[in-house]
A.B. asks: 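Pasting in a structure now, in structure tokens, and then I'll have a few things to ask.
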Amino acid sequence: MTDLTELTVADALSKLKEKEISPVELTQAYIQKLDNNKKYNAFVTLVAEQALKNAYIAEQNYLNKVNRPLEGIPVGIKDLFCTKGIKTTACSHILDGFIPQYESTVTQNLLDDGALFLGKLNMDEFAMGGSNETSYYGPVVNPWSKDKPLVAGGSSGGSAAAVAAKMCAAATASDTGGSIREPAAFCGVTGIKPTYGRCSRYGIIAFASSLDQAGPICKDVTDCAILLNSMAGYDPKDSTSSKRDVPDFSSFIGQDIKGLKIGIPEEYRPEGLNPEVASCWDKAIQILKECGAEIVHINLPHTKYALPTYYVIAPAEASSNLARYDGIRYGLRVEGNNLDNLYINTRTAGFGAEVKRRILIGTYVLSAGYYDAYYLKAQKVRRLIKNDFDNAFQNCDVILTPTSPVEPFAIGDTKMLENPINMYLNDVFTVSVNLAGLPAMSLPIGLSQNGLPLGMQLIGRAFDEGTIFKTAYQLERGANFVRI
Amino acid sequence: MSEYIIETEKGKWEIVCGLEIHCQIISKSKIFSGAPAEFGDDANENVSFVDAAMPGMLPTLNEECVHQAIKTGLGLNAVINKYSVFSRKNYFYADSPQGYQITQFEYPIVGEGKITIDLSDGTSKDIRIERLHIEQDAAKSIHDLNPTKSFIDFNRCGVGLMEIVTKPDFRSPEEVGAFLRKLRSILRYLGTCDGNMDEGSMRCDASISVRPLGSSELRQRAEVKNVNSVKFAMQAIESEAHRQVDIYESGGTILQQTCRFDPSTGGTKFLRFKEFSDDYRYFPEPDLPPLILSDELINKIKDELIELPDAKKSRFVNDLGLTPYDASVICENKEVADFFEKVACGRDAKKVANWLMGDFFAMLKKRNLDISQSPVSPENLGKLVDLISHEVISGKIAKDVFEIMAETSENPEKIVEEKGLKQVTDTSAIEAIIDAVIASNPDNVASYRAGKVNLLGWFVGQVIKQSQGKANPALVNKLLKEKL
């Protein structure tokens, strides 16, 4: 028998239904892979025994024909999602030993559909980072690394690397400024950040509440549709989740895109854009043209303000969201001789440098005397960025851009580490989408000269993930990218 | 208007005072979580994951609290804002597990309104309400259980509060007292807050400054925090105003500061200066969308609104002929007003009011009972009034009957019947007693007949005494005059 971890979720499900394979076999295969691939540091917590137990239950469910949509599919969960009874730390020292007594809505939806969890995936601390190097548990190694270890991207580096290295069939991830799409691009896998409000944020450790959104990272477009079907939906426990009906995303797979208008934003092709990224973009345009889509040139004039806007709003919300980690009720506590010192000692020891930097930025931009100049102005620009997209979607149905301006770089890259701005610049193509609340997917299109994956991004109208899925599926077919 | 002036050898001063009143909302569950909003349970019994600010938890707005705030706004004759926004007020303290309080800042749910207060000199005055907003209460720190440790009870954490802010319209302690009593009465009528200041469900902060009489300037103010009775509020304002006058007159200045009222001294105690004003870094709460109210909802609540004290009072004055003073005493408490109306229905309202405010209140006070616990029912009190009006018993006998009613909760008709207390209106029976009295007091009869007519009262007394109080006094009078 071939390696079962090669199977996509769609293929595995059909083989499970046909009894060609069993959930236990499938789970054992992934556990074996997990063991072989520890070098990637993709998982921070494993629950292999529990996974096997659940695989036996899944097997019974298949035998009794009460199998659910994801019955017996072994998935990995980003450590940002609270999982009942399973340690959840957001890869921060400050949440040492925290075991939630509740389940996030998204992971509960997966459990209800029969998925089983292999463990918790590495990530940048509190999802703050673009290279997975801010994790308290060390960086994830990109499975595409050759002579030197490369970053897997971030913040969902563990999710992307684990899917790429077949350590799980699919993974949950979250995206505040590109945290699903960038690592997916770096690891040659596919990830979608749905429209803000599609997935409940209940039980997901908050980074920036108005930007955070959960989504899947999978082997391909079809699997993303299957996973998102399960993860999405209105949740009364999240007042920002949408009551809109969730369509069957799988139904868009295979639909033709003749006459579909693909927007190409001029602002995303600045002078000096990495020529390999540019040529990969051209390749994607060519594929879509051949599928009968129409290429439309569009403008998103406020794009240049997106990055500074994002780096005001996200830290502002984060500075407040992270105030609850005070050493009183859970996680790390470093004692002090009074309450203030307990706070100071705990937070000094518990947060890493990047998290501290963002708390400081956020506290600063919300301070009296600076609020109008930073936070309020950023909210106004955010509206302009959203208007840009509204205008652009008058003339096109979906927008195609690169996901990242760079290919995966080395862990410990001095240029990235000497100035945090250099790291932030990697988010230049992804943050606008979060500010506008739109859905966007990254999928691998080709390889750089160094043999590293390059991803393209498809951006859709709010709540129109369907058009993204049908476009992405055609693009995937045309690109014929070979996963590792 | 009653003028309150602080007069010293050096000059005349007036008080300028505004209030902020925190009122706990009566609701089944807390404002942003499903935990019960009950009191008196063991510490940390009523705490949800949201209240404890566990990672990934989100607030959801309790509509009942919103309805209560609208109701209160209408009771304060205030503008209901159809658009309001929740904000985060960020600060670190052990009683604030989120590290921020969810409140309303720029856009409160209720705008300007007014309350009319009645003063002892018979005048009334409007106190303007600036706003009412809704927010969550903090937990309770307990410092006196251990010499080195503090404890936290999260039961109160997240209970809904209405913060009512007045304009600086108060010029005397009396006005403040009248306002607090009136506000409490309105809240209790509406059932939106129980108004128990001693239990902390209504808490008052006062901002106090003084200025030379006739001046319109606003001088630096001191804030007196958490005063827990109407009496203390009045004392606090009086003593703080005198303190400020003393400082000004001895050439000093007042710095913006926070004080606490000390009931043991009747004075205010300095807590801290506010020269470096706290920076709460308010920003819109990203976990909750703006609160949009429909006209339909507001009108529905308006239609369901019960008669409030002012309306009731003017009805009692205009329709039932009560004096404004009696009406306002009876209307301060809804249960008293309801009791009164039950008794007054079809009877002489003034007589009923006299009974209620006289013997009835005295009886409750003596027995330390609430009106809901009264041993005398409205029906029985009504029957007692009827017995007097129909001249079945005299007013004097009625007092004795009332005593028995208070003891036994019996029907007064039955008491009068059983004890044979009916007034004697049988002329021949009374004549017999009169004859006996005349026969046994020949000297007084002679004096009376000689012109000492004020002896009549003595004769009346003798006859009534001999009838054991049952003889009708008017009849005795008439017959005595004839016989003498």
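Chain naming here is simple, since letters A, B, ... match the order of the sequence lines and numbering starts at 1 in each. All values derive from a computational prediction rather than experimental measurement.
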A.B. asks: Just verifying a value: how many Å separate B:M54 CE and A:T88 OG1, rounded to the nearest 0.5 Å?
C.D. replies: 10.5 Å
A.B. asks: Tell me, do B:P289 and A:S239 make a side-chain contact under 4.5 Å, heavy atoms counted?
C.D. replies: yes
A.B. asks: State whether a side-chain donor-acceptor pair under 3.5 Å links A:R324 with B:Y100.
C.D. replies: yes
A.B. asks: Tell me whether A:Y343 contacts the main-chain N or O of B:A94 through its side chain, where contact means a donor paired with an acceptor under 3.5 Å.
C.D. replies: yes
A.B. asks: Atom OG in B:S33, atom NZ in A:K237: separation rounded to 0.5 Å?
C.D. replies: 13.0 Å
A.B. asks: Return the OG to CD distance between A:S209 and B:E285, rounded to the nearest 0.5 Å.
C.D. replies: 6.5 Å
A.B. asks: If I take atom OG1 from residue B:T60 and atom OH from residue A:Y202, how far apart are they, to the nearest 0.5 angstrom?
C.D. replies: 9.5 Å
A.B. asks: Between A:Y102 and B:F49, how do the two ring planes meet: parallel, tilted or perpendicular, split at 30° and 60°?
C.D. replies: tilted
A.B. asks: Can you tell me how far apart OH (A:Y370) and CG (B:D279) are? Round to the nearest 0.5 Å.
C.D. replies: 10.5 Å
A.B. asks: Considering only heavy atoms, which portion of B:N90 lies under 4.5 Å from any heavy atom of chain A: side chain, backbone, both, or neither?
C.D. replies: side chain
A.B. asks: Enter the distance from B:S96:OG to A:D326:CG here, rounded to the nearest 0.5 Å.
C.D. replies: 8.5 Å
A.B. asks: Are there residues of residues 140-158 of chain B whose heavy atoms fall under 4.5 Å of chain A's heavy atoms? If so, which?
C.D. replies: B:I152, B:F154
A.B. asks: Provide the closest heavy-atom pair for B:P286 versus A:Y196 in the form atom of the first, atom of the second, distance.
C.D. replies: O-OH, 4.3 Å
